[in-house]
Amino acid sequence: MDGEKATRGDNAPRDEIAQAVSILEAGGLVAFPTETVYGLGADAENVEAVASIFRVKGRPTNHPVIVHLSPEADLDYWVHSIPAEARELIAAFWPGPLTLILPRASRIPAAVSGGQDTVGLRCPSHPVAMELLRAFKGGQGGVAAPSANKFGHVSPTTAEHVRQEFAAELGKELGLVLDGGASEVGIESTIVDMSRMKTHGPVLLRPGFITPEQIAEVLGRIPGAADAGAPRASGTLSSHYAPNTPVLLNSSGLLKKRAELLRQKRLPFAQLLHSMKEEEGACATIRLTPRPDAYAHGLYAALRSLDRAGAFAILVEDPPEGPEWQGVHDRLRRAAHGSESTLEKL
Ligand code: TXA
Ligand code: MG
């Protein structure tokens, strides 16, 4: 993978893990690195601590959060009944960027799942996350964590992004940010609903680094598309993961035309490219490697950086098509949601 790799927790020494554990045990919030994006964590079994995640994030309380577990966690503690297919996916992909929605055990507070009778579980592979989860409640606790960003904003892939996002809360509601380097995957986990196996089979709620084809290699079938009865997932809202600057998705031909229009109007534009030649006159340009893993790794940092360029719009060259690009297309589509109207005013 290009760029910085997720480093082992050289930046998060052992005493910081101990400090993070005491903050979690006391009902506080800790931000921590995962291989996908950074999470804003609280003790999943402490209803007040979970409520403070929603408060700090500015997220509606009926939105479920993912519970992060250590590789040694006892799944039967968290899940009412585990379908055999879920065990197969766990064996194939955990620790790693796959979240499974399963029937919630009654002892687990409904607060983590926004009142739904399911629970989203994931076992992250980032060494600092694993160290934290193994140290918390002897490796049998669960850390409820959404991405460590304000509701609807771009997810953080470095500790610095989290510090910027929660500058006002750090040292107060947010006790500590563990630094584990840049998240290797860069976009959020693939989410598969397995809570309705008998009636609906596996259902893809959010595409990510692990593709439907990889899931089919294990289960022998492609997960279905979400239907109206599928569990609600806020990452599936049409506008999500959005910078403040309008994001416009374009073929290279359209990008050229729009750059020309903005130049004529003397409006600053930023560009996110992977193959085409740079348009002249951009106030900021970032070029990502046209490989799905490298592109996803750099995407959110690029959007954050271009968002600070003071541009009227961020022009994005459409990424290549293909199943392994699905996660990237999904996030860009959400980042761009509603932005087309900014051009209508010109
Ligand atoms: O990669 C990730 O998944 C990152 C890292 C921190 O693990 N987390 C993340 O969390 O993206 P968040 O809260 O930003 O998005 C989690 C998604 C949401 O769309 C949420 O609605 C869905 O997971 N989710 C969690 N539990 C669920 C449940 N019981 N039923 C349906 N959706 C659920
Ligand atoms: Mg999120």
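Among residues two or more places apart in sequence or in another chain, the ring pair (Phe, Tyr, Trp, His ring centres under 6.0 Å) test is passed with His161 by none. Judged as a side chain to side chain contact (heavy atoms under 4.5 Å, CB included), and not counting sequence neighbours, the contacts of Glu169 are Val56, Lys150, Phe166, Glu173, Leu174. Not counting sequence neighbours, the partners of Phe32 by the ring pair (Phe, Tyr, Trp, His ring centres under 6.0 Å) test are His68. Considering only residues two or more places apart in sequence or on other chains, Leu346 meets the side chain to side chain contact (heavy atoms under 4.5 Å, CB included) condition with Leu261, Leu262, Lys265, Leu267, Phe312, Leu343. Listed by chain and residue number, nothing satisfies the salt bridge (charged side-chain N to carboxylate O under 4.0 Å, His left out) test with Glu213 (two or more places apart in sequence, or in another chain). Here Trp325 pairs with Tyr295 under the ring pair (Phe, Tyr, Trp, His ring centres under 6.0 Å) rule; sequence neighbours left out. For the salt bridge (charged side-chain N to carboxylate O under 4.0 Å, His left out) test, no residue two or more places apart in sequence or in another chain qualifies with Arg287. Remark: Glu279 engages Arg263 in a salt bridge (charged side-chain N to carboxylate O under 4.0 Å, His left out) (not counting sequence neighbours). With sequence neighbours excluded, no residue forms a salt bridge (charged side-chain N to carboxylate O under 4.0 Å, His left out) with Glu278.
A donor-acceptor pair under 3.5 Å links the side-chain atoms of Thr34 to the main chain of Val37, judged by distance alone. For Arg304 (side chain) and Val154 (main-chain N/O), a donor-acceptor pair under 3.5 Å exists by modelled atom type. With hydrogens and angles ignored, the 3.5 Å screen pairs a side-chain donor or acceptor of Glu317 with a backbone N or O of His274.
When only modelled atom types and interatomic distance are considered, Ser195 and Arg104 share no side-chain donor-acceptor pair under 3.5 Å.
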Identify every side-chain donor-acceptor pair in residues 85-92 under 3.5 Å, counting partners at least two apart or on other chains, and give the distances.
none

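Tested against Leu176, the residues Ile23, Leu170, Leu24 include a single side chain to side chain contact (heavy atoms under 4.5 Å, CB included) partner, Ile23.
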> How far apart are the C-alpha atoms of Thr99 and Ser189, what are their side-chain angles, what is the distance that settles it, and do they pass the side-chain hydrogen bond (donor to acceptor under 3.5 Å, both in side chains) test?
Replying inline: CA-CA 6 Å; Thr99 297; Ser189 59; 2.8 Å; yes

>> side-chain hydrogen bond (donor to acceptor under 3.5 Å, both in side chains) for Glu165 and His153? Distances and angles first, verdict last.
In response: CA-CA 9 Å; Glu165 195 84 24; His153 197 214; 2.7 Å; yes

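Evaluation of the side chain to side chain donor-acceptor pair (under 3.5 Å) test over residues 37-49, restricted to residues two or more places apart or in two chains, returns Asp43-Lys137, Glu45-Tyr77, Glu45-Lys137. For residues 80-124, no residue pair satisfies the ring-ring contact (aromatic ring centres under 6.0 Å, His included) rule, not counting sequence neighbours.
Taken to the nearest 0.5 Å, the OG atom of Ser52 stands 4.0 Å off from the CG atom of Leu29.
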